[in-house]
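Submitted below is the structure of interest, expressed as structure tokens.
We count residues from 1, following the sequence as given. These numbers come from a predicted model, not from an experiment.
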Amino acid sequence: MTFTTLEDAGKFYRNYAKAAGFSTRVQSTNRKENEIKNQLITCSREGKWKSKISPTEKTNPTAGLNCPARIYIHTLKDVGAWMISKVVLDHSHPCCPSKAEVFKQYRELSLSIRRTIENNEEAGIRPSKTYQSFVAAAGGHRELNFIEKDVRNYITREVRNVSEQEDAKKFGKYLLRMKEKNQNFFFELELKKDQSIKLAFWADARSRAAFEYFGDVISFDTTYNTNRYNLVCGSFVGVNHHGQSTLLEYSLMKNEEIESFKWLFQCWLRCMGGNAPKGFLTDQCASMKRALKACMPTTMHRWCIWHIMKKIPSKLNGYKGHADIEQEMSQVVWNSHSKDSFDRNWNDFLLNFGLADNKWLLDLYEDRHIWVPIYLDHHFWAGMRSTQSSKSMHSFFNKFITRNSSLIQFVKQYDNCLGSREQAERESDAADFHTVIPCPTKSSIEAQFQDVYTHQKFREVQAQFRGKANCITKLTNSALGYSVYEVGEQVSSSIFNKFVVTYDSVAAEVKCQCLLFESRGILCRHALSVLSFEQVSQVSPRYILERWSKKVKR
């Protein structure tokens, strides 16, 4: 047989091989002055693979079976064609046409399939889900000329297989494109000598605008480390009017040294026009603490109490009765309602358990102003006492990226994450606009909050109204419109907590020792009990925060 081109001859033999049930490979090609003269194409099971490893230790399968099947093609110089001059049809193994379709040679990903794989990878869709979508669209596995492994290999080889330097270059170009699309997009980038990422900080236009409304308290967390280069990921997370975590800025750092944090916090200030948040919540990190004090001296800094309390078992399990120690320490931290009472309770706790010389506890006491609730809750924290807002954002982020994600994938998934959070906020806004949570009581104060607050925050108000049922209010002192009450709250069958609540009828001001309103912006059940006792029908506007209003326009 003769063919116009060598490619046509090779294609003919491949088609024949697929129909017959075997695969082929080019065994040798002879050239003369860079021109191909002849080519030998054999069955892929030709040859005998030899290994220095003994057969009993060898685990990978081999194909070589000295199969003689082949064709020999050479050029017909005079007529400019190619001729099959030798054919061997016999095989040393059985052939199966029904299995040939899944041989590697006959599997291929079309251009449209590759584009879909790339788009799905960018959207954070797992390879298995991507493959199943192809199966469903084709009408079954047999209708596809590729398998799931091909999808995974394409992602690994073409989508993720870039060097750190090339990845950093693509990452920088992507940030530049985002800046060109919207001049309010902000980023700063610092590279190492080898052109890999040293420090990076970026924020999109919507996140910068969100800072005006929800940037009063920020949770900053660096415990998330999902990238192939082990860069430290830092997320700046706020809380919106629905109480949802909202991602404001993101950063990447090669290390957690003081200078790196200073660079990061200075980027924040440049990004936000020199405005520092009022409250800043972080993990227990000394270098972060020093950098924040240097860059944002007026910002109230708070350590994540969850991380500190979580360390108690590992720090104190060497002591006898460590379970009782953990329980008592929690009682002291959470149930001390004044600074003086905390100091007394803490000293008693140390003496009772013989812990006066424990360095970890001594250091914690020295830093009590930065993590103990009673020292901090007189400031507004939007309900945040731990970096759990950041943790929940990280958990959400995990839906989009994996440990092997490249930088360019990471920053694209950041955009997807922002889009998803924006959509969640829009859906909550729509629910607030279209529906109403009924008031179970006849309280006009409850109706005030129903009219203004988002559904989520109104539910928190309602929880305090329900808590009133467990409170007993007693007037202890009153003069010239200023009253002092003792509110007893039954928290269990045997435990009563007592709180001092003051009410100024002239200024229409109520204050509770528990500091719930000061720290979360929600009037507590103790204050509501006193207002009910005083027969107050409307609370002062100062107690209805615009921060939680469903009428926030952005």
Side-chain angles (χ1 to χ4, degrees), residues 278-279 281 284 289 293 299-309 311-312 315-316 324-381 383-386 464 467 470-479 482-492 494-504 507 509-530:
K278 295 177 182 177
L281 189 65
Q284 195 177 359
K289 177 184 175 184
K293 188 174 182 179
T299 296
M300 177 69 70
H301 185 197
R302 183 174 197 157
W303 276 345
C304 172
I305 193 170
W306 181 81
H307 276 97
I308 293 173
M309 302 304 284
K311 292 178 183 177
I312 296 175
K315 295 289 186 179
L316 303 178
D324 293 333
I325 293 175
E326 182 176 351
Q327 184 177 359
E328 183 63 24
M329 181 173 170
S330 296
Q331 285 289 329
V332 171
V333 170
W334 293 110
N335 294 325
S336 296
H337 301 304
S338 70
K339 295 177 183 179
D340 289 340
S341 67
F342 172 80
D343 291 342
R344 287 194 305 270
N345 294 338
W346 183 268
N347 289 328
D348 291 343
F349 159 69
L350 295 182
L351 291 173
N352 290 340
F353 289 97
L355 299 169
D357 296 327
N358 185 282
K359 187 176 185 309
W360 182 66
L361 292 175
L362 290 173
D363 290 342
L364 280 182
Y365 183 73
E366 286 297 315
D367 290 317
R368 61 193 180 281
H369 63 284
I370 205 172
W371 68 278
V372 176
I374 193 60
Y375 281 86
L376 294 156
D377 283 351
H378 55 287
H379 285 272
F380 180 70
W381 292 98
M384 290 195 284
R385 281 176 169 167
S386 74
Q464 297 303 316
N470 300 319
C471 296
I472 299 174
T473 305
K474 183 172 73 174
L475 179 65
T476 59
N477 196 2
S478 181
Y482 186 83
S483 305
V484 180
Y485 289 86
E486 182 183 89
V487 178
E489 180 185 7
Q490 186 169 10
V491 294
S492 71
S494 60
I495 298 177
F496 262 87
N497 287 334
K498 294 181 179 180
F499 299 89
V500 175
V501 181
T502 60
Y503 178 67
D504 186 337
E509 186 176 88
V510 62
K511 281 190 175 183
C512 179
Q513 191 180 17
C514 78
L515 300 174
L516 185 73
F517 177 76
E518 286 76 8
S519 63
R520 287 177 55 186
I522 300 291
L523 270 180
C524 66
R525 51 203 172 277
H526 321 115
L528 291 173
S529 295
V530 168

Applying ring-ring contact (aromatic ring centres under 6.0 Å, His included), can you list everything that pairs with F380, at least two apart in sequence or on another chain?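 With sequence neighbours excluded, F380 shows a ring-ring contact (aromatic ring centres under 6.0 Å, His included) to no residue whatsoever.
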Quick check for you: to the nearest 0.5 Å, what is the distance between C471 atom SG and F496 atom CZ? 9.5 Å
Keeping the roles fixed (side chain from S336, backbone from V333), state whether a donor-acceptor pair exists under 3.5 Å.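 Pair absent, no side-chain N/O of S336 close to backbone of V333.
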Show your working on side-chain contact (heavy atoms from CB on, under 4.5 Å) between E489 and R525 and close with a plain yes or no. CA-CA 9 Å; E489 180 185 7; R525 51 203 172 277; 2.6 Å; yes
If you measure only the distance, is there a donor-acceptor pair under 3.5 Å linking the side chains of K311 and Q284?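 Yes, side-chain donor-acceptor contact under 3.5 Å.
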Sorted by chain and residue number, the salt bridge (Lys or Arg N to Asp or Glu O under 4.0 Å) partners of R368 (sequence neighbours excluded) come out as D343
Less than 6.0 Å separating the ring centroids of H526 and F499?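 Yes.
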For a 4.5 angstrom cut-off between non-hydrogen side-chain atoms, does Y503 reach V484? no
With sequence neighbours left out, which residue pairs that include part of residues 510-521 fulfil the salt bridge (charged side-chain N to carboxylate O under 4.0 Å, His left out) condition? E460-R520
Tell me whether R302 forms a cation-pi arrangement with W381, defined as NZ or CZ under 6.0 Å from the six-membered ring centre and within 45 degrees of its axis.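 Checked: cation-pi criterion met.
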Between D504 and A507 (side chain of the first, backbone of the second, donor and acceptor by atom type, cut-off under 3.5 Å), is there such a pair? yes
Counting C-beta onward and ignoring hydrogens, is there a side-chain heavy-atom pair between Y482 and T502 closer than 4.5 Å? yes
Once you round to the nearest 0.5 Å, how far does OG of S529 lie from CG of N470?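 The OG atom of S529 sits 9.5 Å away from the CG atom of N470.
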Beyond-backbone contact of L316 with N358, side-chain heavy atoms, under 4.5 angstrom: yes
E326: which residues meet the side-chain contact (heavy atoms from CB on, under 4.5 Å) condition with it, sequence neighbours left out?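 Per chain and number, E326 pairs via side-chain contact (heavy atoms from CB on, under 4.5 Å) with I312, P313.
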Check whether any side-chain heavy atom of W334 lies under 4.5 Å from a side-chain heavy atom of I305, and answer yes or no. yes
Is the shortest side-chain heavy-atom distance between F353 and D324 below 4.5 Å? yes
Crowded around Q327 CD? As in, over 12 foreign heavy atoms under 6.0 Å? no
Do the non-hydrogen side-chain atoms of L475 and S483 ever get within less than 4.5 Å of each other? yes
Got a second to check how far R385's CZ is from M309's CE, nearest 0.5 Å?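 So the CZ of R385 and the CE of M309 are separated by 11.5 Å.
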Give me the atom names and distance for the closest heavy-atom approach of G279 to T299. C-CG2, 4.1 Å
Can you check whether I472 reaches V487 side chain to side chain, under 4.5 Å on heavy atoms?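 No, too far: nothing below the 4.5 Å cut-off.
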Shortest non-hydrogen separation from S492 to Q490 and the atoms involved: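 Result for this residue pair: O-CG, 3.1 Å.
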Okay, side chain of Q513, backbone of V500: is any donor-acceptor separation there less than 3.5 Å?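 At least one qualifying donor-acceptor pair exists.
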Are more than 12 heavy atoms from other residues, nucleotides or ligands located less than 6.0 Å from atom CG of D357?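 Count not over threshold, so no.
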Say you draw a straight line from CG of D367 to NE2 of H301; how long is it, rounded to the nearest 0.5 Å?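 Result: 10.0 Å between the selected atoms.
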Donor-acceptor under 3.5 Å (W371 side chain, L364 main chain):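 Indeed, once roles are kept as given, a pair shorter than 3.5 Å links the two residues.
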For a 4.5 angstrom cut-off between non-hydrogen side-chain atoms, does V530 reach L528?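 A side-chain contact under 4.5 Å is absent here.
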Is there a donor-acceptor pair under 3.5 Å between the side chain of T476 and the backbone N or O of E486?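 Here the side-chain-to-backbone pair does not exist.
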I need the minimum non-hydrogen distance between C512 and V501, along with the two atoms involved.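 Looking at all heavy atoms of both residues, the closest pair is SG-CG2, 3.8 Å.
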Mind checking side-chain contact (heavy atoms from CB on, under 4.5 Å) for I374 and listing every partner two or more places apart, or none if nothing turns up? F342, V372, L515
Could you state the interatomic distance from CZ (F349) to CD1 (I325), rounded to the nearest 0.5 Å? 6.5 Å
Going through the checks in order, is the side-chain contact (heavy atoms from CB on, under 4.5 Å) test met by V332 and D348? CA-CA 10 Å; V332 171; D348 291 343; over 6 Å; no
By side chain to side chain donor-acceptor pair (under 3.5 Å), which residues pair with K315, not counting sequence neighbours? none
How far apart are the C-alpha atoms of W303 and L281, what are their side-chain angles, what is the distance that settles it, and do they pass the side-chain contact (heavy atoms from CB on, under 4.5 Å) test? CA-CA 6 Å; W303 276 345; L281 189 65; over 6 Å; no
To the nearest 0.5 Å, how far apart are CD in E328 and CG in N352? 7.0 Å
Applying side-chain contact (heavy atoms from CB on, under 4.5 Å) to K474 and Y485, what does each step give before you reach the verdict? CA-CA 6 Å; K474 183 172 73 174; Y485 289 86; over 6 Å; no
